[in-house]
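Notes follow the structure.
The chains referred to below are lettered A, B, ... by the order of the sequence lines, with proteins before strands, and numbering in each begins at 1.
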There are 2 protein chains.
Amino acid sequence: MKATVPITVASLKVACSQCNLVELCLPFGMSESEIDRLDELVGARRKIKRQQHLYRAGDPFEAIYAIRAGSFKTDVLLEDGREQVTGFQMTGEMLGLDGISTEAHSCNAIALEDSEVCVIAYGKLEELSRVVEGLQLQFHKVMSREIVRDHGVMTLLGSMRAEERLAAFLLNMSQRFTARGFSPAEFHLRMTREEIGSYLGLKLETVSRAFSKFQDEGLIAVQQKHIRILDIVGLKRLIQHPSSRP
Amino acid sequence: MKATVPITVASLKVACSQCNLVELCLPFGMSESEIDRLDELVGARRKIKRQQHLYRAGDPFEAIYAIRAGSFKTDVLLEDGREQVTGFQMTGEMLGLDGISTEAHSCNAIALEDSEVCVIAYGKLEELSRVVEGLQLQFHKVMSREIVRDHGVMTLLGSMRAEERLAAFLLNMSQRFTARGFSPAEFHLRMTREEIGSYLGLKLETVSRAFSKFQDEGLIAVQQKHIRILDIVGLKRLIQHPSSRP
DNA sequence: ATGGACCGTTGATCCACGTCAACCACGAAA
DNA sequence: TTTCGTGGTTGACGTGGATCAACGGTCCAT
């Protein structure tokens with residue numbers, strides 16, 4: 001049951017086994033020995049400056065990326081110039097899964113701040129996941145989670161009103177910051193109101209107004225991109241018991 | 001490089017190698033010999049009557065399903081009773097991928113007509129895709145395609161107006177019927193206006209009105225669930241050059 | 001054939017959010 | 001420090017689609 005995969009030792013500190021994101025990233029749930037094998041997977045790291053593209057729609061697909069530091073947005077541009085943000089990604093999350101289906105990326109990935117990603121050659125991932133069972137399962141789970149997440153966004157866009165959407169967004173951010181060891185109640189958004197609006201299917205003015213309203217109601221404190229959640233329960237209530245719905 | 005997987009010969013006619021959906025379904029792009037190996041994958045078939053559930057949100061995840069005949073919708077129910085249809089699936093398409101991530105299904109799958117699915121035990125799929133490379137790649141592509149499709153729906157929900165959404169929906173249906181050897185211009189919808197509305201983030205009245213408007217404009221002919229597309233180009237134009245946008 | 005449930009259509013009205021516009025806050029560059 | 005540009009806030013107003021309501025067609029089950 002020994003693997004015969006050639007072990008190209010990757011440069012020292014790149015190792016998954018030494019990365020503190022192990023619990024969020026692809027190696028999650030894998031055994032120590034399995035994770036050791038992963039170290040050959042991450043070929044290189046790549047730094048992306050704020051506002052720069054990691055990849056663009058149409059680029060040939062070669063690798064997926066794990067965010068090591070920083071954050072990104074993914075978006076789709078329509079012919080007539082409209083932009084739809086399809087997601088925000090933070091450390092430990094994967095980028096590029098959309099490219100597998102057609103062997104070309106179907107959206108743009110843009111850094112929201114200076115960031116760094118681990119480059120995972122897709123061919124290598126396929127190869128290794130044939131021998132490391134834990135990797136195969138975890139990779140499938142990562143893809144599946146993306147599908148579930150997208151269904152959540154579809155629900156939000158299809159059946160919630162503006163304030164519910166923003167409340168859901170804030171709670172989601174809070175939960176993801178928490179998972180990364182940051183405060184659940186206080187965080188810094190890396191994206192603009194316009195980007196939030198695009199993601200939530202709203203105009204930036206509507207986002208801004210909803211932030212102000214939440215502040216007036218004592219649910220949060222907003223100062224530009226800095227958010228403090230004062231009443232988590234209140235926000236949750238907003239989603240479950242929409243104010244005025246028959 | 002021979003596989004040591006136990007070959008449990010599945011009952012005769014169930015075989016993928018004899019299924020005319022090979023070009024749409026999981027075996028797409030695989031070699032003859034690879035497809036032969038698939039036959040052990042499909043453990044059984046299951047018939048689902050109209051309006052019955054194939055699985056429900058919360059059900060433990062054990063298998064994914066390939067639609068052999070009929071069609072389905074998937075939906076998510078919110079606490080307060082709102083329903084969001086997350087997709088419509090036709091023959092050859094896969095169901096249940098959402099369940100991998102948490103090992104429980106996250107949505108409901110309901111037959112829109114009397115249908116039949118191939119049951120693909122997930123454990124077996126994992127096992128077999130470790131030895132049959134074509135299967136591994138194709139499975140990843142299927143999942144990735146689902147992600148891309150969802151991004152398309154998010155774009156539709158987040159940045160298109162009612163008539164654009166419906167036009168996009170009709171063109172998508174037309175394209176999928178075509179891929180199955182049916183007419184691109186004439187087909188029978190299996191879902192209600194309310195289900196279409198839920199999927200598109202609109203109320204059923206709005207869907208109905210948009211259908212009528214398209215008919216008045218000579219783009220389509222509607223008679224209940226029967227649709228005839230009279231002007232495909234006109235529908236496409238509707239999406240690319242939204243009528244009244246600054 | 002006939003009654004009834006469900007589905008679809010259409011009209012009148014309402015309101016949540018988009019649009020347009022003015023202004024303000026902050027950070028980077030000079 | 002001033003200036004400039006980008007991003008955020010707020011107000012006034014307009015509108016696309018939701019809501020409410022009435023009615024019509026189709027398909028079953030009896």
Side-chain angles (χ1 to χ4, degrees), chain A residues 49-51 73 81-85 110 112-114 156-167 169 188-217 220-227 238 242-246, chain B residues 49-51 73 81-85 110 112-114 156-167 169 188-217 220-227 238 242-246:
Chain A
K49 284 218 152 313
R50 188 176 125 85
Q51 298 286 36
K73 68 169 176 180
R82 281 179 279 181
E83 177 198 35
Q84 174 67 35
V85 172
I110 298 147
L112 293 174
E113 59 192 310
D114 293 357
L156 180 148
L157 291 171
S159 68
M160 291 171 120
R161 37 189 65 220
E163 287 172 25
E164 299 172 57
R165 294 183 200 186
L166 191 65
F169 170 75
H188 193 85
L189 299 175
R190 317 310 310 211
M191 68 292 286
T192 67
R193 302 289 191 260
E194 186 169 19
E195 286 163 338
I196 297 172
S198 170
Y199 180 63
L200 299 179
L202 302 170
K203 292 290 149 180
L204 66 95
E205 294 93 329
T206 307
V207 174
S208 182
R209 275 186 252 267
F211 270 127
S212 301
K213 177 131 182 276
F214 286 173
Q215 179 154 252
D216 292 349
E217 290 167 344
I220 62 174
V222 198
Q223 201 173 25
Q224 301 290 119
K225 293 187 152 77
H226 192 87
I227 306 287
L238 248 173
S243 44
S244 58
R245 195 178 292 272
Chain B
K49 284 220 153 308
R50 188 176 124 85
Q51 298 287 36
K73 69 169 176 180
R82 281 179 278 181
E83 177 199 33
Q84 175 68 32
V85 172
I110 298 147
L112 293 174
E113 59 191 310
D114 294 357
L156 182 147
L157 292 170
S159 67
M160 291 172 117
R161 36 188 63 218
E163 287 173 25
E164 298 172 58
R165 294 183 200 186
L166 191 65
F169 171 75
H188 193 84
L189 299 175
R190 318 300 328 200
M191 67 294 284
T192 67
R193 300 289 191 261
E194 186 169 18
E195 287 162 338
I196 297 172
S198 171
Y199 180 62
L200 298 178
L202 302 169
K203 291 290 148 179
L204 66 94
E205 294 95 328
T206 307
V207 174
S208 181
R209 273 186 253 268
F211 270 128
S212 301
K213 178 132 182 275
F214 287 173
Q215 179 153 254
D216 293 348
E217 291 168 342
I220 63 175
V222 197
Q223 200 172 29
Q224 301 293 119
K225 293 188 152 76
H226 193 86
I227 305 287
L238 248 173
S243 45
S244 57
R245 196 177 292 273

**Report entry** Exceeds 12 heavy-atom contacts within 6.0 angstrom, atom CD of B:Glu194
**Finding:** no
**Report entry** Value in whole Å for how far the C1' atom of D:dT6 lies from CD of A:Glu195
**Finding:** 12 Å
Report task. Quickly work out the B:Gln223 CD to D:dG25 P distance and round it to whole Å. Result -> 12 Å
Query raised in the report: Which whole-number value in Å describes the distance from B:Lys213 NZ to C:dG11 C1'?
Result: 17 Å
Query raised in the report: Over how many whole Å does the gap from A:Gln215 atom CD to D:dT9 atom C1' extend?
Result: 11 Å
Query raised in the report: Roughly how many Å is it from CZ in B:Arg50 to C1' in C:dC7, rounded to a whole number?
Result: 11 Å
Query raised in the report: A:Gly201 or B:Arg193: which one's nearest nucleotide on DNA chain C is closer to the 5' end?
Result: B:Arg193
Query raised in the report: Which pair of non-hydrogen atoms, one from B:Ser198 and one from B:Gln84, has the smallest distance, and what is that distance?
Result: O-NE2, 3.0 Å
Requested in this report: Please state whether the phosphate of C:dT10, meaning OP1 or OP2, lies under 4.0 angstrom from any side-chain nitrogen or oxygen of B:Arg209.
Outcome: no
Report task. Please state how far atom CG in A:Leu157 lies from atom P in C:dC17, giving the value in whole angstrom units. Result -> 13 Å
Query raised in the report: Counting side-chain heavy atoms from CB outward, which of C:dC17, C:dT10, D:dT9 is closest to B:Ser208?
Result: C:dT10
Report task. Could you please name the option among C:dC17, D:dG8, D:dA18 that lies closest to any side-chain atom of A:Arg161? Result -> C:dC17
Query raised in the report: At under 4.0 Å, does any side-chain N or O of B:Thr206 touch on OP1 or OP2 of D:dG17?
Result: no
Query raised in the report: Does any non-hydrogen side-chain atom of A:Met191 lie less than 4.5 Å from one of A:Lys73?
Result: no
Report task. Check whether any side-chain heavy atom of B:Thr192 lies under 4.5 Å from a side-chain heavy atom of B:Lys225, and answer yes or no. Result -> yes
Query raised in the report: Between A:Asp114 and A:Lys49, is there a side-chain N and carboxylate O pair less than 4.0 Å apart?
Result: yes
Query - Separation of atom CZ in A:Phe211 from atom C1' in D:dG8, rounded to whole Å - result: 11 Å
**Report entry** Among C:dG18, C:dC7, C:dT10, the nucleotide that comes nearest once only the side chain of B:Thr192 is considered
**Finding:** C:dC7
Requested in this report: Please confirm whether any donor atom in the side chain of B:Arg165 sits under 3.5 Å from an acceptor in the base of D:dG17, or the reverse.
Outcome: no
Query raised in the report: When you match A:Leu202 and A:Gln224 each to their closest nucleotide on DNA chain C, which lands nearer the 5' end?
Result: A:Leu202
**Report entry** OP1 or OP2 of D:dT19 under 4.0 Å from side-chain N/O of B:Lys203
**Finding:** yes
**Report entry** Donor-acceptor pair (no angle test) under 3.5 Å: B:Glu205 side chain, D:dC20 base
**Finding:** yes
Requested in this report: Specify the separation, in whole Å, of atom CG of A:Leu166 and atom C1' of C:dC17.
Outcome: 14 Å
Query raised in the report: Can you find a side chain N or O atom of A:Ser212 that sits less than 4.0 Å from OP1 or OP2 on D:dT10?
Result: yes
